[in-house]
Amino acid sequence: MIKDVKMKKGEPYTEYRVIFNKGVTYRGQPLEEYTFSFIPESSGGENVLKFASTATVPTIMPNFKTRTMEYWGEMEKRGAGYDSKNKTVTCYFW
């Protein structure tokens, strides 16, 4: 299932990228990559699912929930964001 795993240390994130073989799916949609990025010694980061160009990503977006939480004294919505140009779903966490 996994074709390759790459790690990149940079500023401010450290990133692990998992590249999948063809045939891997997430909720029935073809998935190419999963990236986990985080800021060392902090709770900030993100998870990114990169789908194949043939995926119909909007059909799975109802599976992702958004919530309001306090972050640095401000109330902000946190959840998944869909980038149709890059076929990615990004979930942020803090």
_Tell me whether Val24 shares a hydrophobic cluster with Ile19, the cluster being built from Ile, Leu, Val, Met, Phe, Trp, Tyr side chains joined at under 4.5 Å._
no
To the nearest 0.5 Å, atom OG1 of Thr90 lies from atom CZ of Phe64 at 10.0 Å
When rounded to the nearest 0.5 Å, the distance separating CE of Met61 from OG1 of Thr56 is 13.5 Å
Q. Applying the 4.5 Å side-chain criterion to the ILVMFWY set and letting contacts propagate, would Phe36 and Val89 be lumped into a single cluster?
A. yes
For Arg27, the salt bridge (Lys or Arg N to Asp or Glu O under 4.0 Å) test, sequence neighbours excluded, returns none
Worksheet item: Where the side chain of Lys87 meets the backbone of Ala55, is there a donor-acceptor pair that is under 3.5 Å apart?
Response: yes
Original post:
Given the rule that I, L, V, M, F, W and Y join up when any side-chain heavy atoms are under 4.5 Å apart, are Phe20 and Phe51 in one cluster?
Top reply: yes
Following the transitive rule for hydrophobic clusters with a side-chain heavy-atom cut-off under 4.5 Å over Ile, Leu, Val, Met, Phe, Trp and Tyr, establish whether Tyr34 and Phe38 coincide in one cluster. yes
### Same cluster (ILVMFWY, side-chain, under 4.5 Å), Leu49 and Tyr16
yes
Q.
Test side-chain contact (heavy atoms from CB on, under 4.5 Å) on Glu15 and Thr35; report intermediate values, then the result.
A. CA-CA 7 Å; Glu15 177 180 283; Thr35 303; 3.4 Å; yes
Here the gap from Thr25 atom OG1 to Met1 atom CE, rounded to the nearest 0.5 Å, amounts to 7.5 Å
Rounded to the nearest 0.5 Å, the CE atom of Met7 sits from the CZ atom of Arg17 at a distance of 14.0 Å
**Prompt:** Does Asn63 use its side chain to pair, donor to acceptor, with the backbone of Ile60 at less than 3.5 Å?
**Reply:** yes
Applying side-chain hydrogen bond (donor to acceptor under 3.5 Å, both in side chains) to Gln29 and not counting sequence neighbours gives none
Answer yes or no: is there a donor N or O on one side and an acceptor on the other, between the side chain of Asn86 and the main chain of Thr88, under 3.5 Å?
no
